[in-house]
2 protein chains.
Amino acid sequence: MKSPEYNSTAITLAAFAKALAHPARVSILQLLLKKKSCICGNIVDELPLSQSTVSQHLKELKEAGLIKGEIDGVSVCYCINEKVWNQAAALLQGFFSTSTQQNSCC
Amino acid sequence: MKSPEYNSTAITLAAFAKALAHPARVSILQLLLKKKSCICGNIVDELPLSQSTVSQHLKELKEAGLIKGEIDGVSVCYCINEKVWNQAAALLQGFFSTSTQQNSCC
DNA sequence: CTTATTAATCGTAAAACTACGATTAATATA
DNA sequence: TATATTAATCGTAGTTTTACGATTAATAAG
């Protein structure tokens, strides 16, 4: 390198990791994974954060592609976006399953 | 919730994700995974960043526990910390393998 | 139609992250 | 011993993240 770029795996993986890099966002995903019905404003009640802050975290997860939302009357229903979710899973699984070699030092 | 905390899985997972949340740090890990000999100052040459910035990223990875360094004369040799690496792998694998349910909306 | 509820967005402050050059400490070499 | 090399740390900008309350837009209920 010393050229100004990173490989696409590194970029994509870092972007997914960034989406997971806050306990609130991980908690939101845990909720969506657990509940059989997609929760909505209930997410706010389940987190120790204000409505506007939760909304921001939801936006980040949405922009990362990991969740999607659907308007249902006055409320909004969020779900895991399975397609992107599986892409992220595969990418991370591939990364972590790289055989760590027996190295000379450490 | 609405009490001031997150579950420990969310906290731990977010911390690992944060360590992976920058392409430079992912690139460093890719290098350490690929090379059979632990690279050292070579990491700096492989990244489009200054020595001090790379050092900072190495520090973050070290603090997350994902890598460890060993002084070898005038240079330092970095490796994946396999124990913590495997913990992170297991945590992420468990998280992503949570069965995504057939949900009502979205 | 008016009022209430829900959730996104705006504005903003504080904290954290990212990057760099300069400096420092340690070891190696001449 | 003097000089070079390596890598951590310091100081410091600029940017991004995180959080909140206030406001807004949309729908539902009275």
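Worth knowing before you read on, the calculation uses all heavy atoms, side chains too, and leaves out hydrogens, waters and symmetry mates.
Distance, B/Asn42 CG to D/dT5 P: 16 Å, rounded to whole Å. Rounded to an integer number of Å, the gap from CZ of A/Arg25 to P of D/dA19 is 8 Å. Atom-to-atom, CG of A/Leu49 to C1' of C/dA7 comes out at 15 Å; the value is rounded to the nearest Å. Distance A/Leu47 CG to D/dA19 P: 10 Å, rounded to the nearest Å. Summarising the geometry, the separation between CD1 on B/Ile39 and C1' on D/dT6 is reported as 16 Å, rounded to the nearest angstrom. Here D/dA7 presents its P atom at 13 Å from CD1 of B/Ile28, a figure rounded to the nearest Å.
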Distance-only check: which donor-acceptor pairs under 3.5 Å involve side-chain atoms of residues 84-92 of chain A, not counting sequence neighbours?
{"from": "A/Trp85", "atom 1": "NE1", "to": "B/Phe96", "atom 2": "O", "distance (Å)": "3.4"}
{"from": "A/Asn86", "atom 1": "ND2", "to": "A/Glu82", "atom 2": "O", "distance (Å)": "3.1"}

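When distances run from any side-chain atom of B/Lys18 to the nucleotides C/dA19, C/dA16, D/dT6, the shortest one goes to C/dA16. Nearest nucleotide to the A/Tyr78 side chain, out of C/dA8, D/dA7, D/dC10: C/dA8.
Scanning for side-chain contact (heavy atoms from CB on, under 4.5 Å) contacts around A/Thr53 gives A/Leu49, A/Ser50, A/His57, with sequence neighbours left out. Residues forming a side-chain contact (heavy atoms from CB on, under 4.5 Å) with B/Ala15 (at least two apart in sequence, or on another chain): none. Evaluation of the ring-ring contact (aromatic ring centres under 6.0 Å, His included) rule for B/Phe16 yields no partner, not counting sequence neighbours. B/Lys59 is linked by a side-chain contact (heavy atoms from CB on, under 4.5 Å) to B/Glu63, counting only residues two or more places apart in sequence or in another chain. For B/Gln56, the side chain to side chain donor-acceptor pair (under 3.5 Å) test picks out no residue, with sequence neighbours left out.
The side chain of A/Ser55 contributes an N or O atom lying less than 4.0 Å from OP1 or OP2 of C/dA8. For D/dT18, neither phosphate oxygen OP1 nor OP2 lies less than 4.0 angstrom from any side-chain nitrogen or oxygen of A/Thr53. Close to D/dC20, at under 4.0 Å from its OP1 or OP2, lies a side-chain N or O of A/Ser50.
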Annotated protein contacts, base or backbone, on nucleotides 23-30 of chain C with a non-hydrogen cut-off under 4.0 Å, one of B, S, - each: ---BBS--
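Side-chain to base pairing of A/Gln56 with D/dC20: one donor and one acceptor N or O lie within less than 3.5 Å of each other.
Residues A/Ser52 and B/Val76 both approach DNA chain D. Their nearest nucleotides, taken by heavy-atom distance, put B/Val76 toward the 5′ side.
Note on A/Ser75: only backbone sugar-phosphate atoms sit closer than 4.0 angstrom, heavy atoms only; bases stay farther off.
Across A/Cys79 and A/Leu32, no two heavy atoms sit closer than the pair C-CD1, 4.1 Å.
The backbone N or O of B/Thr9 lies less than 3.5 Å from no partner atom in the side chain of B/Thr12, so there is not a single donor-acceptor pair.
The stretch residues 57-69 of chain B touches DNA chain C through B/His57, B/Glu60, each having a heavy atom under 4.0 angstrom from the strand.
Listed by first then second residue, pairs satisfying salt bridge (Lys or Arg N to Asp or Glu O under 4.0 Å) with a partner in residues 12-31 of chain A read A/Arg25-A/Glu60, not counting sequence neighbours.
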